[in-house]
J.: 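The structure follows.
Every number for a ligand or one of its atoms is a count from 1 in the order of the listing.
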Amino acid sequence: MDKNHLTMTNQITLIHLDVPMTEPFRISSGEVRSKAAVLIHIECDGLSAFGETSPMSGSFYSEDTPESAWDFLSDYAVPQFIRSRFWQPDFVFQKWMDNAGNRFAWAGLEGAWWDLRAQAEDKAFTQLLGVKPAPIPSGLAVGIYPTIADLLQACSRYLPAGYKRLKIKIQPGWDVEPLRAIRRVYGDFPLMVDANAAYTEKDIPHLQRLDEFGLLMIEQPLEEDDLQGHQRLQSCMAAPICLDESASSPAILLQAIQMQACRIVNIKIQRVGGIERAKAMIELCAASGVPVWMGTMPELGIGALHALYLALHPNCRYPTDVEASSRWYEEDIIDPPLEVNAGWIEIPTAHKKRPNVNLARVDKYTIRTANWKF
Ligand code: MG
């Protein structure tokens, strides 16, 4: 990027969005009814790059919220990023970022920086990541519903798109019966559960009962910091344990793998603080023979595409949680939206190099902005 080009406005804009969802998303710890995200828009020397910060509203997945990410980005990270002259070719995001927290905010800023880099070097994300474009298997995730009839109705609404596996959210009191109902209707279709840390070690005898359903995996059954509990549960369950919330950094992930607290890992760019760290964690797992897959918050299209580019890594060996745009949103902010055909997502040509953002739709759902010129 040529910093001597003085005729264009160089600026970073934060854009807080609120996008209507097709249905509320309910997990063991809370519910969201619309999708909030903070976009980071970098305009530098005629290039226009986007990243997405996508914590859940209400802080029930992690302590990060759209509001906390906004405050951190505007009070600290964006001004620092500009002061550190991120447009210089020798700028290394990972060396510069502070690893202490605010990982969702870092992930959004880093995503925008990758996009800028891709354009400046005229390379596709896939080239920068060293992966080859190919169709990606997609899995359906459904939340917690008031009744089993509602759950089965949701499955019947979305499964015809051919999703490659089904994941249901569980919590104490909502596990055995919903699983039995699903097995009755869908036979031996690949099925997994996600508890979002809703159980404790006291529930281990109960969780062992879930083995009767032949699950592909059980995702984050116990609390985030309870690696020993996961180890104990894994030693007495046939279903592989997949860590999500617990796998917050490369060091903790390595510890979990060495302890045999999991056999599979859900990698989320947002949770771990960016594409680079997510890739490092995928490779750390590969070196230990642990397969992974790409999870979602879910994000809007920009974050979803970043996850899809990484899902092309050969150690991503299970279907991704990235679904069709229409699964969660009436309108996505990328053009064209993502589609699932016979269970596969083919990255549309318009997004092959980088996400193609629909600016009019971003405008439509903007609730506030902040801007820094540099
Ligand atoms: Mg999860």
J.: Could you give the distance from CG (Leu210) to CE (Met192), rounded to the nearest 0.5 Å?
T.: 12.5 Å
J.: Among residues at least two apart in sequence or on other chains, which ones pass salt bridge (Lys or Arg N to Asp or Glu O under 4.0 Å) with Asp75?
T.: none
J.: Trp106 and Trp96: aromatic ring centres closer than 6.0 Å?
T.: yes
J.: Any pair with a residue in residues 19-39 that passes salt bridge (charged side-chain N to carboxylate O under 4.0 Å, His left out), sequence neighbours left out, goes on the list, sorted by first then second residue, please.
T.: Glu23-Arg157, Glu23-Arg327, Glu31-Arg33
J.: If the condition is side chain to side chain donor-acceptor pair (under 3.5 Å), which residues does Glu276 pass it with, not counting sequence neighbours?
T.: none
J.: Is the terminal nitrogen or CZ of Arg368 (NZ for Lys, CZ for Arg) located under 6.0 angstrom from the six-membered ring centre of Trp70 and within 45° of that ring's axis?
T.: yes
J.: Can you list the protein N, O or S atoms less than 2.8 Å from the Mg ion (ligand 1)?
T.: Asp194 OD2, Glu219 OE2, Asp244 OD2
